[in-house]
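For reference, the structure is listed below as structure tokens.
None of these values were measured; they are calculated from a predicted model. Naming: A, B, ... by sequence-line order, numbering from 1 per chain.
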Amino acid sequence: MRALLTKITPLIIFALLFTACSSPVLRSSGSQVIAKDRDFIVLRVGSDDARSLARRYLRDESLYWLIEDANHPNPVAEGREIVIPLKMENPTGIEYKGYQTVPILCYHRFGRRSDRMEVTPAMFRKQMEYLDKNDYRVIPLSDLVGFLKGEKQLPKRAVVLTIDDGHRSIYKEAFPILKEYGYPATVFVYSDYLNNGGLKTQELDAMIKSGLINIQPHSKTHSNLTVRQAGESPGQYRRRVRQEISIPNERLVKYLGERPLYYAYPFGDSNDLVIEQLQANGLLLGLTVQRQSNAAFSYPYLLHRTMIFGDRDMQAFKKSLVTFKALR
Amino acid sequence: MMRPPASLFSLLGILLLVLGSGCSSTQSAKGVISGDYGRPATWLRSAEAREKKGDLQGALYNLKVARTVSRRDSKINAAIKRVEAKINRQSEKMMRQGKQAVSQGRLTKARRYYLKALSLNPKHKSALEAMRELDKRASKAAMKKKVARSNSNYNNRTKKKKLAKGFHEEAYIYSRQEILQAEGRQANLGEYLKEIETHLKKFPKDREVRDLLSKILLDQAGAAFDAENYKDALDYLQRAERVFTSDADRLDKIQQQRKAYGRALYLKGVRSSRNEPEHAIKYWEYALKFDPDDKKSRLRLRNFQSM
């Protein structure tokens, strides 16, 4: 009998371990998987948070919002049962009640004056704090490309930050605040201004290295691309448009080592010729300054942006954050 | 019977402890609330409610979670197929109606149909393409209008050599663009007027925005007057006078509007003087507020008060 028990004990141990670990109730880091297939995991949360669950089950911590959004308004908290979607079920953000829209905020300068074009650092911090405290998710502009193709789901309450022109106050005033909140932003620079009153190379370097700031073109001289200037012939106008798009592109390729993909029109003005040139230069998005948020079906070469003026209050800022449009 | 060795018991004891605490030893039972997520009936009920409401996308989602929870339930699979077929049928119908609306030039209606198709199936490629095409048309038309304004503003100011330098010019352009684009679409008139006045404080010579402000204030005064809201009508006119204090032409126009309202109120007073004398008095009093030089209203008021 003793010999028999000695022989079968390892087998019993193995069998018990195998049964426990392959049963429908899997346990990991305190969270229990109730059920799982190719579409979803239904799970009771242990000590995990959305980020650790995303890391484990979606293999990408940055997709934590997918879990939060799927369970909204219920929190992903210990003891709660939740659903983890394993596929992006709604890449266009269009649902029964309405559809998702993404506001792209457009800043210019930062400084002490509370002016139309100049936002004080204190106000900028207040605005970033508002985004943070109210569950807005600041996403890089690049995330919008997949959304506009109907291929990539975005977090609900997604917001994009952009800053035009390339003033040095971006580095001095806005960048430290962006770093503090870990918010990505796209800086659109007009190339004649770089190292010539505007941002300096080492400032650009520092911002790019942070991984938060992406530099993209905003023309060469910041001239209006839709207005024929005094004494300018149609041929000269076409040449100017071509140069205002291709030259900053080439400069940024030389400087950044990669082709720019997005273009902010000077003064937000564009026309068919300008869009044609953007496409010829391999640019994927064109950004205007027409106040509105963007849906998945927005035309990528006339994306809307909302200007943030320094002489407006927080109420106006809050109103610019339109992330959902009701259908019914 | 032979007793198993004590070491075997302790080994099994340890094993049970390990299993009891789960495959990973970090599990904590603290605060665990048992819910209904593991029961397919919960999801099926919710799916049914959503389907009834017309939210087929939501219904399908819940049915799929039910399938996750209860993989071998053939009824759930059948329900998924049924809802998917329903979504296909309805979204194709919406697509047909959308295309028809486009061919008839009814783009707002077409947009509604395509959006409905997408709300049924958010991955519907043709519906997304059709919506994008409509958005492209609308965005291009709006941009064309904006560019026309930029051109005329630029040309006017170039002729008069009034272009400002650098940042000032940029602030001027963006500020006025914001105002002109919102014309007729503003959700809050009070805020819009404040925005225009802020712009004019900084750029007082912007004729187009001055024209716009003048038009809005006089139109609002007119609307308030027609609604017999004389206090508001008067407020709008007084506000216009304050803004255009040094603009003789506009002040003259406001004055004419004041006189016209005064005259209209005088006549109203006359009409109601027999049956509703209290109303008549009010009308004449307001007539005098709009036009303090209105002799007829003053005389009528004096006569009425001395009776």
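Listed options B:Leu60, B:Leu128, B:Leu134 were ranked by heavy-atom pairs under 4.5 angstrom with chain A; first place goes to B:Leu128. Interface check for chain B: of the options A:Gly150, A:Pro91, A:Ser270, the most heavy-atom pairs under 4.5 Å are formed by A:Ser270. Of the listed residues (B:Arg111, B:His124, B:Lys194), the greatest number of heavy-atom pairs within a distance under 4.5 Å of chain A belongs to B:Arg111. Looking only at heavy-atom pairs under 4.5 Å with chain B, the residue among A:Ile41, A:Leu148, A:Leu43 that has the most is A:Leu148. Of the listed residues (B:Arg112, B:Glu195, B:Lys144), the one with the most heavy-atom contacts under 4.5 Å to chain A is B:Glu195. Ranked by heavy-atom pairs shorter than 4.5 Å toward chain B, the options A:Thr306, A:Ile82, A:Asn271, A:Thr288 are led by A:Ile82. Most heavy-atom pairs under 4.5 Å with chain B, from the set A:His108, A:His304, A:Glu151, A:Glu118: that is A:His108. Interface check for chain B: of the options A:Ala295, A:Gly93, A:Pro300, A:Ser298, the most heavy-atom pairs under 4.5 Å are formed by A:Ser298.
For a residue to count as touching a neighbouring chain, one of its non-hydrogen atoms must lie under 4.5 Å from one of that chain's; by this rule B:Tyr61 touches chain A with backbone and side chain alike. Of the atoms belonging to B:Ala127, not a single heavy atom falls under 4.5 Å from chain A. Within the 4.5 angstrom heavy-atom criterion, no atom of B:Glu129 approaches chain A. Heavy atoms of B:Arg39 lying under 4.5 Å from chain A are absent altogether. For A:Asp269, the parts lying under 4.5 angstrom from a heavy atom of chain B are both the backbone and the side chain. With a 4.5 angstrom heavy-atom cutoff, A:Gln292 touches chain B only via side-chain atoms. Within the 4.5 angstrom heavy-atom criterion, no atom of A:Gln315 approaches chain B. Both the backbone and the side chain of A:Phe267 come within contact range of chain B, each with at least one heavy atom under 4.5 Å from a heavy atom of that chain. Within the 4.5 angstrom heavy-atom criterion, atoms from both the backbone and the side chain of B:Arg67 approach chain A. With a 4.5 Å cut-off on non-hydrogen atoms, B:Ser139 touches chain A through its backbone and its side chain both. For B:Lys53, the parts lying under 4.5 angstrom from a heavy atom of chain A are both the backbone and the side chain. In this structure, no portion of A:Tyr301 lies under 4.5 Å from any heavy atom of chain B. The contact between A:Arg228 and chain B is made entirely by backbone atoms, counting heavy-atom distances below 4.5 Å. Of the two parts of A:Pro266, only the backbone, made up of N, CA, C and O, holds a non-hydrogen atom closer than 4.5 Å to a non-hydrogen atom of chain B. Only the backbone of A:Lys149 comes within contact range of chain B, judged by heavy atoms closer than 4.5 Å.
In this structure, CD on A:Glu89 lies 5.0 Å from NZ on B:Lys123, to the nearest 0.5 angstrom. Going from atom CD1 of B:Ile173 over to atom CG of A:Asn224 covers 7.0 Å, rounded to the nearest 0.5 Å. The CZ atom of A:Phe297 sits 8.0 Å away from atom CG of B:Leu118, with the distance rounded to the nearest 0.5 Å. Here the OH-CZ distance, from A:Tyr299 to B:Arg132, works out to 10.5 Å after rounding to the nearest 0.5 Å.
Looking at A:Arg116, its side chain never comes within 3.5 Å of a backbone N or O of B:His199 through a donor-acceptor pair. Remark: side-chain polar atoms of B:Thr68 are not paired, donor with acceptor, to backbone N or O of A:Ala35 under 3.5 angstrom. Put simply, the side chain of A:Glu81 gets close to the backbone of B:Asp36: a donor and an acceptor are under 3.5 Å apart. Remark: the backbone N or O of A:Val227 is not paired with any side-chain donor or acceptor of B:Asn151 at under 3.5 angstrom.
Ring pair A:His222/B:Tyr174 is perpendicular by interplanar angle, where above 60° counts as perpendicular and below 30° as parallel.
A salt bridge does not link B:Arg71 to A:Asp37: none of the charged nitrogens lies less than 4.0 Å from a carboxylate oxygen. Salt-bridge annotation for B:Glu191 and A:Arg312: absent, with no side-chain N of the basic residue lying under 4.0 Å from a carboxylate O of the acidic one. Using a 4.0 Å cut-off between a side-chain N of Lys or Arg and a carboxylate O of Asp or Glu, B:Lys116 and A:Glu95 do not qualify as a salt bridge. Between A:Asp311 and B:Lys202 there is no salt bridge, since none of the side-chain N atoms of the basic residue sits less than 4.0 Å from a carboxylate O of the acidic one.
A heavy-atom distance below 4.5 Å is not found between the side chains of A:Met117 and B:Ser175. A:Ile34 has its side chain out of reach of B:Val69: every pair of non-hydrogen atoms, C-beta onward, lies at least 4.5 Å apart. Here the side chains of B:Met143 and A:Gln290 are in contact, with some heavy-atom distance below 4.5 Å. Two residues are said to be in side-chain contact when any heavy atoms from C-beta on lie closer than 4.5 Å; A:Val289 and B:Lys146 meet this criterion. Between A:Asp165 and B:Glu170, the closest side-chain pair of non-hydrogen atoms falls below 4.5 Å. By the 4.5 Å heavy-atom criterion applied to side chains, B:Tyr37 and A:Arg44 are not counted as neighbours.
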Verdict with reasoning, A:Val83 to B:Trp43, per side chain to side chain contact (heavy atoms under 4.5 Å, CB included): CA-CA 11 Å; A:Val83 172; B:Trp43 298 100; 3.5 Å; yes
Evaluation steps, salt bridge (charged side-chain N to carboxylate O under 4.0 Å, His left out), between B:Asp55 and A:Lys97: CA-CA 8 Å; B:Asp55 179 8; A:Lys97 285 183 182 165; over 6 Å; no
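The environment of B:Glu48 atom CD is sparse: at most 12 non-hydrogen atoms of other residues, nucleotides or ligands sit within 6.0 angstrom. Open room surrounds NZ on A:Lys325; 12 or fewer heavy atoms of other groups in view lie less than 6.0 Å from it.
The shortest non-hydrogen separation linking B:Pro122 to A:Asn90 is CB-OD1, 3.0 Å.
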